Structure formats: C-alpha cells, structure tokens
Amino acid sequence: MEHAGSIKLTTFLTEKQIQEKVRSIGAALSDRFRGKDVVAVCVLKGSFMFYADLIREMDIDIACEFCGLSSYHGGLRSTGEVRLTLDLNSPVRDRHVILIEDIVDTGLTMNFLKAHVEARKPKSITTAALLLKPHALKVECPLDHVGFEIPNDFVVGYGLDYQGYYRNLPYVAQIQSIN
Ligand code: IMP
C-alpha cells in the first residue's frame with residue numbers, strides 16, 4: 001500500500017499474530033476482573049482498533065470509556081509534550097480501571113494518563129499495551145500486559161498512523177522508506 005506514492009510498507013505483525021495475542025490478553029483480563037466493577041479506557045486515537053478487538057475478547061461486564069491524548073502531532077517523533085484532548089466522561093472512583101494503549105514509546109503518554117486517572121482515586125489501575133518499544137523509553141513505565149516488544153522503528157496500521165493515514169490497516173507494518 002502506498003500513500004502519496006512515496007511510502008513503502010512491510011508487514012511486521014500479521015492479523016493472525018495480533019488476534020492470537022489480543023485473545024490471550026482478553027482472557028487474562030477477564031479472569032482477573034470477573035464480577036468486579038471495571039472501566040476499560042480506550043486511549044484515542046491510536047488504540048481504537050486494539051480496544052475494539054480486546055473488549056470483544058472479554059466475556060465480563062465492562063463499562064467503556066474514551067479519552068484522548070496527543071503527543072505526536074502526526075510526525076515520526078514524539079514532541080515529549082502530552083496533551084489531554086478528551087477527558088473521561090464517567091467517575092472512576094473506587095472502580096477498577098484498565099488503560100488500553102496501542103503503543104508505548106517514550107512512556108510519557110502512559111505515565112501522564114496513569115497520573116491523571118490515579119488522581120481520581122480508582123480502586124486499581126491496570127495497563128495493557130499492544131506494542132512496547134523498550135529501547136525508546138525515556139521514563140520508567142511498568143506495564144501489566146504487553147502484546148509485543150518491538151524495535152525502535154516507526155510502525156503503522158492497526159490503529160497507528162503516519163500523518164493521519166494507515167490506521168485502517170488490519171496488520172502492523174514498518175515504514176521501509178519515505179522518498
Ligand atoms: P509515548 O508517549 O512516546 O509513549 O507515545 C505514545 C503515543 O505515540 C502512542 O499512543 C502513539 O499514538 C504514538 N506513537 C509512538 N510510536 C509510534 C509509532 O511507531 N507509530 C505510530 N504512532 C506512534
């Protein structure tokens with residue numbers, strides 16, 4: 001697939017690999033939270049696809065919430081500045097919160113979100129990220145569930161974008177070249 005005739009992509013994780021991983025994280029979360037008051041938070045925009053697949057693998061009652069955070073502004077590198085663009089709509093006090101992220105790169109976004117939610121006194125916070133770039137971390141960012149650890153290269157697809165494009169790919173791809 002090409003955008004503006006200039007970008008080449010190579011598949012990095014197939015749909016099948018992703019779905020298997022999503023299934024196992026969904027099963028683990030279901031076991032852990034069965035019978036509890038759970039709020040699953042989708043971190044927009046990048047997590048929408050992972051989130052939609054993951055919550056469908058969870059056979060327990062969950063409340064769905066959405067928040068928006070922005071740090072990349074469409075480029076290849078993080079600005080290091082995290083902004084809240086959409087806040088949660090329901091109280092999370094004394095509830096179990098699961099934060100569902102597409103990718104943890106520097107760790108700044110996840111830490112910002114954790115602190116933001118922590119201030120609202122939830123009963124617990126659990127983190128799940130489909131992708132982690134361990135070598136890109138700039139801050140400590142312990143995660144409860146990680147789908148795949150990946151190299152420090154820019155990836156797109158399965159919710160992740162480059163300049164707003166490629167989110168709709170059902171797989172994860174690396175950008176091979178930008179001419
Ligand atoms: P962090 O704050 O540096 O951990 O970055 C988190 C956010 O940056 C993610 O939620 C993504 O939106 C974006 N991001 C980080 N790495 C990539 C990438 O390789 N492709 C697309 N977006 C990325």
Side-chain angles (χ1 to χ4, degrees), residues 1-30 40-58 64 66-83 85 98-114 126-179:
M1 179 175 174
E2 291 202 351
H3 160 54
S6 56
I7 291 182
K8 285 210 169 58
L9 302 178
T10 47
T11 302
F12 183 70
L13 295 168
T14 64
E15 267 187 90
K16 188 162 177 283
Q17 285 175 297
I18 296 168
Q19 292 316 325
E20 277 169 10
K21 193 64 78 173
V22 170
R23 212 166 289 138
S24 77
I25 297 174
L29 288 170
S30 299
V41 177
C42 174
V43 187
L44 297 169
K45 296 176 186 172
S47 300
F48 74 94
M49 206 173 279
F50 176 45
Y51 182 84
D53 285 345
L54 185 60
I55 60 171
R56 282 180 291 178
E57 294 295 339
M58 294 171 65
C64 294
F66 300 84
C67 72
L69 291 169
S70 161
S71 68
Y72 257 79
H73 311 294
L76 285 172
R77 294 267 163 258
S78 171
T79 58
E81 188 187 305
V82 183
R83 285 183 312 128
T85 55
I98 307 173
L99 301 178
I100 299 172
E101 256 284 28
D102 49 357
I103 186 165
V104 172
D105 183 29
T106 61
L108 293 168
T109 304
M110 185 58 106
N111 278 3
F112 178 95
L113 183 59
K114 260 200 245 175
T126 298
T127 52
L130 180 69
L131 306 174
L132 168 66
K133 293 182 188 170
H135 302 296
L137 286 172
K138 286 191 178 155
V139 288
E140 262 189 61
C141 185
L143 298 166
D144 299 298
H145 299 272
V146 173
F148 303 91
E149 292 197 356
I150 65 168
N152 198 2
D153 295 322
F154 201 78
V155 289
V156 294
Y158 200 67
L160 293 161
D161 77 309
Y162 171 64
Q163 297 190 342
Y165 289 90
Y166 305 118
R167 291 193 197 275
N168 59 317
L169 296 178
Y171 54 91
V172 173
Q174 274 175 330
I175 294 186
Q176 208 178 35
S177 61
I178 304 174
N179 298 320

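The first residue of the sequence shown is numbered 1, and numbering continues consecutively from there. Bear in mind that the values here come from a model prediction, so they are computed numbers and not experimental data.
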With side chains defined as the heavy atoms from C-beta onward, is the minimum distance between Y166 and L160 less than 4.5 Å? no
Who passes side chain to side chain contact (heavy atoms under 4.5 Å, CB included) against A40, sequence neighbours left out? Y51, I55, I62, I100
Do side-chain atoms of T106 reach the backbone of K138 as a donor and acceptor pair under 3.5 angstrom? no
Is any side-chain heavy atom of V139 less than 4.5 Å from a side-chain heavy atom of L108? yes
Between A52 and R56, which heavy-atom pair has the shortest distance, and what is it? O-NE, 2.9 Å
Judged by atom type as modelled, is there a donor-acceptor pair below 3.5 Å linking the side chain of T11 to the main-chain atoms of T14? no
Should L13 and V155 be marked as a side-chain contact (heavy atoms from CB on, under 4.5 Å) after you check the CA-CA gap, both sets of side-chain angles, and the distance that decides it? CA-CA 10 Å; L13 295 168; V155 289; over 6 Å; no
Provide the closest heavy-atom pair for A28 versus H145 in the form atom of the first, atom of the second, distance. CB-CE1, 3.9 Å
I need the C67 SG to L99 CG distance, nearest 0.5 Å. 7.5 Å
Taking the side chain as C-beta and beyond, is there a heavy-atom pair between Q19 and P170 under 4.5 Å? no
Output the distance between atom CD (Q176) and atom CD1 (I7), rounded to the nearest 0.5 Å. 12.0 Å
Specify the closest pair of heavy atoms between K133 and N152, including all atoms of both residues, with the distance to one decimal. CD-OD1, 3.8 Å
Are D102 and R167 side-chain neighbours, meaning at least one heavy-atom pair lies under 4.5 Å? no
Nearest heavy-atom contact between E15 and Y171 is N-CB, 4.1 Å
Kindly compute the distance separating OG1 (T85) from CG (L69), expressed to the nearest 0.5 Å. 6.0 Å
Does a side-chain heavy-atom distance below 4.5 Å link E57 with I25? no
V156 and Y162: which non-hydrogen atoms are nearest, and at how many Å? CG1-CB, 3.7 Å
So, do L137 and V104 sit near enough that their side-chain heavy atoms are less than 4.5 Å apart? yes
So, do I150 and I103 sit near enough that their side-chain heavy atoms are less than 4.5 Å apart? yes
Minimum-distance pair of heavy atoms, taken over all atoms of D144 and T127: OD2-N, 2.8 Å
To the nearest 0.5 angstrom, please state how far the CZ atom of F12 sits from the CD atom of Q17. 8.5 Å
Value rounded to 0.5 Å, distance of CD in E101 from CG in L143: 9.0 Å
Please evaluate residues I98 and M58 with respect to the criterion side-chain contact (heavy atoms from CB on, under 4.5 Å), reporting the C-alpha separation (whole Å), side-chain torsions for both, the decisive distance (0.1 Å), and the verdict. CA-CA 12 Å; I98 307 173; M58 294 171 65; 3.9 Å; yes
Look up atom OG1 in T126 and atom NZ in K114, then write down how far apart they are to the nearest 0.5 Å. 10.0 Å
Aromatic plane relationship, F50 with Y158 - under 30° parallel, 30 to 60° tilted, over 60° perpendicular: tilted
